[in-house]
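Before any comments, here is the structure.
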Number of protein chains: 2
Amino acid sequence: MAALTPVQEKFILHWGEMGTKWGVNRTVAQIHALLFLWPKPMHAEEIAETLSVARSNVSTSIKELQGWGIVKVVHVMGDRRDHFESMKDVWELFRVVLDERKRREIDPTLALLRECVAESAQGKAEDTHTRERLTAMLDFFETMAGWYDQIRRMPTDAAIKFVRMGGRIQKLLGLAS
Amino acid sequence: MAALTPVQEKFILHWGEMGTKWGVNRTVAQIHALLFLWPKPMHAEEIAETLSVARSNVSTSIKELQGWGIVKVVHVMGDRRDHFESMKDVWELFRVVLDERKRREIDPTLALLRECVAESAQGKAEDTHTRERLTAMLDFFETMAGWYDQIRRMPTDAAIKFVRMGGRIQKLLGLAS
DNA sequence: CTCCTATTTCTGTCTATACTGAAATTACTG
DNA sequence: CAGTAATTTCAGTATAGACAGAAATAGGAG
């Protein structure tokens with residue numbers, strides 16, 4: 001039941017590998033790839049069979065994907081089982097993932113860097129070098145975070161236009177070196 | 001020998017955790033953090049002692065960091081041992097890492113998506129839905145890769161100005177929704 | 001050429017995480 | 001309010017990756 005075409009399998013396996021390289025569990029990434037490709041919502045049993053993983057593993061992974069906000073439960077009339085579907089819009093998908101990674105990883109790093117710089121400043125003149133380094137790092141993260149927040153606020157279509165325009169903006173603004 | 005200040009330790013430990021969340025070995029990330037903070041090049045023995053890891057582990061991790069292109073060997077007069085130092089400029093650092101991740105992960109994904117879309121097209125009208133999804137994904141990756149390549153070509157200071165300008169560009173270009 | 005130091009490679013061990021299957025829970029249906 | 005289907009939790013197992021220590025290699029210096 002629900003056998004994969006060679007192309008589907010190829011993509012799902014690759015997506016799983018990509019996941020591991022970016023700190024995402026392989027099965028989680030595979031399930032996401034499957035739901036992304038699949039034309040209609042799937043229930044847990046179906047996912048488990050299609051990917052040959054344990055039913056319980058699917059349960060855990062789905063929760064993870066829901067935690068990231070990229071998979072939602074839907075219900076099918078006359079079927080008591082939960083069905084799951086992935087967010088369809090690729091741009092929206094990556095935006096959600098980036099938001100979440102910023103919230104979970106970048107924001108705490110910013111907080112820590114601020115603490116470190118502050119504590120380092122109290123330590124008198126000792127360790128000026130460390131303070132300089134941490135300040136440079138903090139400055140980088142603050143700039144990038146601020147930039148992302150601004151892009152983030154754009155409606156999707158504006159963001160897409162913005163990206164498609166790419167480096168041409170450079171010339172427009174006379175930023176060339 | 002070479003004891004860490006509390007601030008240094010805090011940053012190094014955090015950087016290690018960050019590494020794991022982004023698919024980088026904890027020790028590799030810690031060594032990088034150490035070299036980033038340290039005012040002068042360190043030899044392997046010194047690194048091993050400071051972080052309390054095995055000498056061999058340092059050797060492997062340093063090779064990894066060299067593979068990423070963010071750590072270089074330098075030599076100190078009258079000392080036969082290799083000394084290592086991290087790239088200093090934070091902007092340059094992230095640029096190098098992004099370049100490498102693009103080369104290792106994004107470009108192969110692009111290639112695979114192109115293959116999948118092509119193969120899927122041969123399969124006649126069957127599986128139109130999968131083809132649509134893969135095409136949307138490919139389009140996203142191509143757009144982002146193209147965008148990155150353009151930013152990538154800017155000299156660092158232009159890129160920084162560009163990022164610092166951030167969303168204001170939106171208004172300048174009248175992209176507001 | 002030999003000794004010595006530095007570095008890398010290799011193999012086995014350990015640990016964190018992923019995963020499974022069973023049991024427990026939840027929530028529907030007749 | 002049983003009885004059943006679906007889902008989650010849990011506890012044990014398996015596995016991949018990280019790591020240490022030993023052995024091998026490389027590469028001077030005398």
Side-chain angles (χ1 to χ4, degrees), chain A residues 1-2 12-13 15-35 41-68 71-85 104-105, chain B residues 1-2 12-13 15-35 41-68 71-85 104-105:
Chain A
M1 179 201 182
I12 289 167
L13 290 178
W15 206 242
E17 293 314 309
M18 281 287 285
T20 62
K21 296 195 181 180
W22 290 86
V24 177
N25 177 282
R26 181 180 283 109
T27 308
V28 170
Q30 285 182 352
I31 292 177
H32 171 252
L34 175 62
L35 292 178
M42 301 179 85
H43 60 261
E45 193 62 36
E46 211 177 352
I47 297 170
E49 279 177 21
T50 309
L51 297 179
S52 309
V53 293
R55 174 69 189 71
S56 56
N57 198 3
V58 172
S59 177
T60 313
S61 299
I62 286 282
K63 287 227 132 186
E64 176 87 18
L65 287 167
Q66 286 176 311
W68 282 93
V71 160
K72 296 250 153 46
V73 185
V74 292
H75 283 100
V76 175
M77 276 300 255
D79 194 331
R80 280 169 50 193
R81 294 169 296 188
D82 288 351
H83 287 62
F84 305 95
E85 65 179 10
R104 295 185 191 187
E105 292 146 22
Chain B
M1 180 198 181
I12 290 168
L13 291 177
W15 206 241
E17 293 313 309
M18 281 286 286
T20 62
K21 296 196 180 178
W22 290 84
V24 177
N25 178 281
R26 181 179 285 110
T27 308
V28 170
Q30 285 182 352
I31 292 177
H32 172 252
L34 174 63
L35 291 178
M42 301 177 86
H43 59 261
E45 192 63 35
E46 210 176 353
I47 296 171
E49 279 178 22
T50 308
L51 297 179
S52 310
V53 293
R55 176 72 189 69
S56 57
N57 198 2
V58 172
S59 177
T60 313
S61 301
I62 287 282
K63 286 227 135 184
E64 176 86 19
L65 286 167
Q66 285 176 312
W68 282 94
V71 160
K72 297 250 153 49
V73 185
V74 291
H75 284 100
V76 175
M77 276 300 253
D79 193 333
R80 280 168 52 193
R81 294 169 297 188
D82 288 351
H83 288 61
F84 305 95
E85 65 179 9
R104 295 186 191 187
E105 292 145 23

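Protein chains get the first letters and strands the later ones, always in sequence-line order, with residue 1 at the start of each. What you are looking at is a predicted structure, and each value in this text was computed from that prediction instead of being measured.
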**Study point:** L13(B): side-chain contact (heavy atoms from CB on, under 4.5 Å) partners, not counting sequence neighbours
**Key:** E9(B), Q30(B)

**Study point:** Under the side chain to side chain donor-acceptor pair (under 3.5 Å) test, residues paired with N25(B) that sit two or more places apart
**Key:** none

Study note, to complete from the structure: Residues at least two apart in sequence or cross-chain that pass salt bridge (charged side-chain N to carboxylate O under 4.0 Å, His left out) with R80(B), listed by chain then number, are none

Review point. Which part of the nucleic acid does N57(B) contact within heavy-atom distance under 4.0 Å: base, sugar-phosphate only, or nothing?
Key: sugar-phosphate

Revision key, fill the gap. In this structure, OG1 of T27(A) is separated from CG of L65(A) (nearest 0.5 Å) by 10.5 Å

Practice item. Walking along DNA chain D from 5' to 3', note the first and the last nucleotide with an atom under 4.0 Å from a heavy atom of chain A, and give both. Key: dA5(D) to dT9(D)

Review point. Atom CD of E17(B) to atom C1' of dT17(C): distance rounded to whole Å?
Key: 14 Å

Produce the list of close N/O pairs, under 3.5 Å, pairing protein atoms with atoms of nucleotides 7-11 of chain C; give distances to one decimal.
from, atom 1, to, atom 2, distance (Å)
dT7(C), OP1, D82(B), N, 2.2
dT8(C), OP2, S59(B), OG, 3.1

Point to revise | side chain to side chain donor-acceptor pair (under 3.5 Å) partners of E17(B), counting only residues at least two apart | key: R26(B)

**Study point:** Pairwise distance OG1(T50(A)) to CE(M42(A)) - rounded to 0.5 angstrom
**Key:** 4.0 Å

Study note, to complete from the structure: For V73(A), the side-chain contact (heavy atoms from CB on, under 4.5 Å) test, sequence neighbours excluded, returns Q66(A), H75(A), D82(A), F84(A)

Review point. What distance separates N57(B) CG from I31(B) CD1, expressed to the nearest 0.5 Å?
Key: 6.5 Å

Review point. With sequence neighbours excluded, what pairs up with R55(B) under the side chain to side chain donor-acceptor pair (under 3.5 Å) test?
Key: none

Point to revise | DNA chain C contacts made by residues 18-28 of chain A, counting heavy atoms under 4.0 Å | key: N25(A), T27(A)

Revision key, fill the gap. Applying side-chain contact (heavy atoms from CB on, under 4.5 Å) to V24(B) and not counting sequence neighbours gives V28(B), A29(B)

Practice item. Please state how far atom CG in L65(A) lies from atom P in dA18(C), giving the value in whole angstrom units. Key: 13 Å

